[in-house]
2 protein chains.
Amino acid sequence: MRTLQVDLGERSYPIYIGGGLLNEAGDYFERHQLSKKSPVLIVTDDHVAPLYLKRVEESLGNSGFTTVSKVVKSGEKSKSLEVFEEVMTAAIESGLDRRSVVVALGGGVVGDLAGFVAASYMRGVAFVQMPTTILAHDSSVGGKVAVNHRLAKNMIGAFHQPEMVLYDVDTLQSLPEREVRAGLSEMIKHGLIWDAEFAEWCREHTADLLSLDPDALGYGLTKGCSIKAQVVSEDEKEMGLRAILNLGHTLGHALEAIGGYGEFLHGEAISIGMAAAARISVNRGRDRSLYDTTTSILRGFGLPTVMPGHLEEDQIIGAMMHDKKFKEQQLVFVLPTEIGKVEIVSDVKVEEVRRVISELKEEGHHV
Amino acid sequence: MRTLQVDLGERSYPIYIGGGLLNEAGDYFERHQLSKKSPVLIVTDDHVAPLYLKRVEESLGNSGFTTVSKVVKSGEKSKSLEVFEEVMTAAIESGLDRRSVVVALGGGVVGDLAGFVAASYMRGVAFVQMPTTILAHDSSVGGKVAVNHRLAKNMIGAFHQPEMVLYDVDTLQSLPEREVRAGLSEMIKHGLIWDAEFAEWCREHTADLLSLDPDALGYGLTKGCSIKAQVVSEDEKEMGLRAILNLGHTLGHALEAIGGYGEFLHGEAISIGMAAAARISVNRGRDRSLYDTTTSILRGFGLPTVMPGHLEEDQIIGAMMHDKKFKEQQLVFVLPTEIGKVEIVSDVKVEEVRRVISELKEEGHHV
Ligand SMILES: NC(=O)c1ccc[n+]([C@@H]2O[C@H](COP(=O)([O-])OP(=O)(O)OC[C@H]3O[C@@H](n4cnc5c(N)ncnc54)[C@H](O)[C@@H]3O)[C@@H](O)[C@H]2O)c1
Ligand SMILES: NC(=O)c1ccc[n+]([C@@H]2O[C@H](COP(=O)([O-])OP(=O)(O)OC[C@H]3O[C@@H](n4cnc5c(N)ncnc54)[C@H](O)[C@@H]3O)[C@@H](O)[C@H]2O)c1
Ligand SMILES: [Zn+2]
Ligand SMILES: [Zn+2]
């Protein structure tokens, strides 16, 4: 079992990473002195519930905690105000009070949804993340929680740090292959923005990671979480540095939005976005190898790096206009400068984006 | 013009109180260095908009700010997730970005609603309160923002402090009489919890306050705001002291809920709640004069202090069970110990509440 610390003053918290941790949930709750007198609400989805809910309920129950659970439909559509309201209803009907804990048992969808419930129920109660996807090594750390608006992703949310992250990596064994790849996309991102050596390590361990080798997975997730934790510690509310975590996301969110959050998984969308960002850098004068290396790592993991031909350029640009990364009408982009380093530029012109869209469509014809 | 300061470290902000301030909104925005490049969203209701929206738009426009506005229906029903979503839609469609400001122009309803929008739009943008009711001298200070759930009031919200409160007391002249009385109920509360002299001053100036005499109103609102600001400064997140502001609210919220937020105004409901709290204190051994003085001040203002006969005891108790003031299944009450002082007790038994409900129904037969 590995422990990382997210340093955020009085909002600091640990990330526990290891096998079998869900069976020990009760111990961790006791260690963190969470209230046994108030009901604990476990939010999960209908893929995860049959696999892991009972473990958590039993462990918490054995330690004397009272639990109630709310199971939402699997998938991005559950990150809506409508489902948010349903979870709130469950919370009220179950008598949650100000000392209650809301638990997110699942991937990033459940984490973001339950986190926003925890942030706003009675103006804020304690929150525990129990990630069960690879992608959630990213989403469960840093306190960003949100639901989507039909016009734009993650538009409605808060910063609400958890009490702890309890990451039972055994749960990853049941992940569908496509989710494995998509989750690894964010892991690779952590290498690309911060640590060239780690990016290289990811490339070397492509096969191990894809086959969910426990050692490789344990190391990669710990490294990924620790990069995320470092960045967040330095800039909790995204005033500056934290924005580097958005590599690939400006375009990626637009792709998710126009695909109705169904066509692309988050990790797939940002994979294309990272390819595009590298290409923009190259178009602006960086060495061509920056784009080649980036895309070859991603492709090694079976992740998409070209733009599907059926997506309309204008639609993509239109969707980007609603994105939070539009700061005072300027288009903000995270661009790599070399592998392991990025810069934030706020002067990317719409024409540059149009160009890269058509270049990545062109690439699609060659693969 | 009077200025008060709410001391909350880096979240400190001023409250400006005076006549004609809405016409100077642009100057105040400039003084606070709010962004002219990002659209400002003014949220108001359909009673307030025809009276005061143009003033604010013009003043901000003259100073070079771009404004958009969203007018919601007047009344507590607008404090819903549904209307919250509509305001979010307006914000997105108007292109609000992370440097935008959300303005609440109106009473507590608009303040709470717009404040929760400001707290959650893109995980939080700047917020300015422009209260136009007497009650809002209370609601606009302290950063509590929320919408209601159909099962319980203010259940979904956040702590989000404004950049400033711009309180143009000229707007109060157009308030309906019933709203004047209800607003004064919170002013009296500030005396009852904190400052016996101020409670006495309220009693002495009953007629001046009810007739909206500018001097009396200016003094009373400043005093009320400053008591609220002091309490909030010492306990922003309601870990302890701040709960004293809930005098009359445990029962009051229940009355509002079972009246469908239509029968009682907030100030009326808490007036009955304050009478009930004083009566519980007397039943627990305090001097009978505590109840008599409390109710005589409130009645002087035409505020209700008896329990309407048609409300079912069980219904009232049931509604209280959902209230946030239930801490670990214990019923928490703010009880006066003398005029100007209260204590927080967490052991009020359901029977004590039943008794006081029937006593206050009984009182109803005598008036
Ligand atoms: N808050 C943040 O900082 C942040 C960062 C990155 C991504 N996100 C968000 O995270 C979301 C994506 O997260 P995700 O990829 O984890 O998606 P997800 O939560 O939808 O999980 C992916 C799929 O795997 C299933 N699943 C989860 N765990 C499983 C398991 N152990 N075994 C079998 N199936 C399992 C789920 O039911 C779902 O169908 C997006 O909404 C994205 O916006 C948030
Ligand atoms: N956030 C807090 O700390 C806090 C504290 C106390 C109360 N509140 C909330 O405040 C709300 C009640 O506030 P309120 O009493 O101001 O109600 P309100 O906002 O509904 O205003 C009362 C009525 O007066 C109208 N109005 C407002 N200003 C006017 C003006 N200048 N001239 C003519 N009409 C005007 C409104 O349209 C409305 O019909 C409740 O929802 C309560 O929960 C919040
Ligand atoms: Zn992401
Ligand atoms: Zn109140």
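Atom set for the values below is all heavy atoms of this structure, side chains included, hydrogens, waters and symmetry mates excluded. Note on naming: letters A, B, ... go to the chains in the order of the sequence lines (proteins, then strands), and numbering restarts at 1 for each one. Here the structure is a predicted model, which means the values were calculated and not measured.
Checked for salt-bridge contact, B:Arg354 and B:Glu351 miss the test: no charged N lies under 4.0 Å from a carboxylate O. Checked for salt-bridge contact, A:Lys37 and A:Asp97 miss the test: no charged N lies under 4.0 Å from a carboxylate O. By the 4.0 Å N-to-carboxylate-O rule, A:Glu256 lies close enough to A:Lys153 to be salt-bridged with it.
Residues passing the side-chain hydrogen bond (donor to acceptor under 3.5 Å, both in side chains) test with A:Thr89 are B:His149, sequence neighbours excluded. Residues meeting the ring pair (Phe, Tyr, Trp, His ring centres under 6.0 Å) test with B:Phe29, sequence neighbours left out: B:Phe65. A:Glu85 meets the side-chain hydrogen bond (donor to acceptor under 3.5 Å, both in side chains) test with no other residue; sequence neighbours excluded.
Proximity to chain A at a heavy-atom threshold of 4.5 Å picks out B:Phe116 from residues 109-118 of chain B, in numerical order.
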